[in-house]
Amino acid sequence: MRKNIVAGNWKMNLKIDDALNLANDVINLLPSDNDVEVVFAPSFIHLEKVNKMCLKLGLVNTASQNVCQQERGAFTGEVSAEMIHSLNVKYAIIGHSERRGYFNETNEDLKLKVDVSLKNNLKVIFCCGESLNHREERFHFDWIKRQISDSLFHLSLDDFRKVVIAYEPIWAIGTGVTATPNQAEEMHKFIREIIKKNYGEEVANNTSILYGGSCTSKNSKDLFYKDNIDGGLIGGASLDPESFISIIKSF
Ligand code: 13P
């Protein structure tokens with residue numbers, strides 16, 4: 001059966017000491033019977049040190065927040081999947097709406113990023129999400145379907161098993177407005193349905209689908225209680241160890 005996962009996307013926050021302290025505090029506060037997969041996504045520059053700490057203590061995995069779509073070569077300032085994997089990092093987050101929005105990453109670019117990540121043995125946390133406009137125009141289901149099918153549905157069944165989906169409605173990110181548990185569940189169920197159509201029931205049932213967007217310790221219990229919500233991709237609330245831990249404990 002699919003895993004419950006709580007991932008902290010630290011975005012462009014924290015100096016190195018703060019990042020290591022946060023990782024250390026969360027690891028120390030984890031309940032001894034924790035069976036939720038916990039993931040930290042620090043900036044590239046902190047990834048190696050944070051990951052080393054996680055590997056040593058063995059309780060948390062890490063993710064990069066992005067990856068270059070090119071395999072290697074003259075791409076100044078970029079970081080390759082091969083480099084990330086060489087640190088023994090487990091995941092790459094791909095397709096976050098901030099990357100799509102501020103850096104113009106298209107579904108086609110993201111398809112390449114997914115491919116190069118899987119080729120280099122990174123698992124993928126693939127983000128999708130609609131704007132408020134799309135939702136108000138009742139275009140949100142079509143939009144999500146397009147994002148997922150354009151970037152993921154070319155994958156073989158075996159490769160698709162290495163993908164976690166994160167549904168993050170853009171209107172909920174950093175706004176304090178969370179999707180209601182019913183709104184999130186409705187979309188997660190839809191996502192699982194389209195996975196089922198493409199890859200069959202067993203793969204669909206084994207794919208973890210996370211919710212992201214103003215998820216805090218106040219609403220995580222109600223969200224995670226839903227059948228198709230298998231955890232969260234947490235921004236702001238992942239920067240505080242107590243808040244992050246209470247989100248982890250809300251299953
Ligand atoms: P917030 O939790 O700050 O809304 O951010 C969500 C997010 O973008 C996680 O990737």
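Just so you know, these numbers use all the heavy atoms, side chains as well, and skip hydrogens, waters and symmetry mates. Read the numbers this way: they start at 1 and go in the same order the structure lists the ligands and their atoms.
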Sort out for me which residue in Arg192, His188, Lys3 forms a side chain to side chain contact (heavy atoms under 4.5 Å, CB included) with Asp230.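 Output: one option passes, namely Arg192.
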
Under 6.0 Å between ring centres: does that hold for Phe224 and Tyr211? no

Side-chain ion pair, Arg99 and Glu105, N-O less than 4.0 Å: yes

Less than 4.0 Å between a side-chain N and a carboxylate O, is that true for Lys90 and Glu37?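 Salt bridge between Glu37 and Lys90, a charged N being under 4.0 Å from a carboxylate O: yes.
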
One pair per line, please: each N/O atom of ligand 1 matched with every protein N/O atom under 3.5 Å away, atom names first, then the distance to 0.1 Å.
unit_1: ligand 1; atom_1: 2 (O); unit_2: Gly235; atom_2: N; d: 2.9
unit_1: ligand 1; atom_1: 3 (O); unit_2: Gly236; atom_2: N; d: 2.8
unit_1: ligand 1; atom_1: 4 (O); unit_2: Gly174; atom_2: N; d: 2.7
unit_1: ligand 1; atom_1: 4 (O); unit_2: Ser214; atom_2: N; d: 2.7
unit_1: ligand 1; atom_1: 5 (O); unit_2: Lys11; atom_2: NZ; d: 3.3
unit_1: ligand 1; atom_1: 8 (O); unit_2: Lys11; atom_2: NZ; d: 2.8
unit_1: ligand 1; atom_1: 8 (O); unit_2: His96; atom_2: NE2; d: 2.8
unit_1: ligand 1; atom_1: 10 (O); unit_2: Asn9; atom_2: ND2; d: 3.0
unit_1: ligand 1; atom_1: 10 (O); unit_2: His96; atom_2: NE2; d: 2.9
unit_1: ligand 1; atom_1: 10 (O); unit_2: Glu168; atom_2: OE1; d: 3.2
unit_1: ligand 1; atom_1: 10 (O); unit_2: Glu168; atom_2: OE2; d: 2.9

Listed pairs under 3.5 Å, donor-acceptor, residues 17-30 side chains, sequence neighbours left out:
unit_1: Asn21; atom_1: ND2; unit_2: Asp17; atom_2: O; d: 3.2
unit_1: Asn28; atom_1: ND2; unit_2: Asn24; atom_2: O; d: 3.1

Would Asn66 and Val79 count as a side chain to side chain contact (heavy atoms under 4.5 Å, CB included) if you check the C-alpha gap in whole Å, the side-chain angles of each, and the deciding distance to 0.1 Å? CA-CA 8 Å; Asn66 183 27; Val79 178; over 6 Å; no

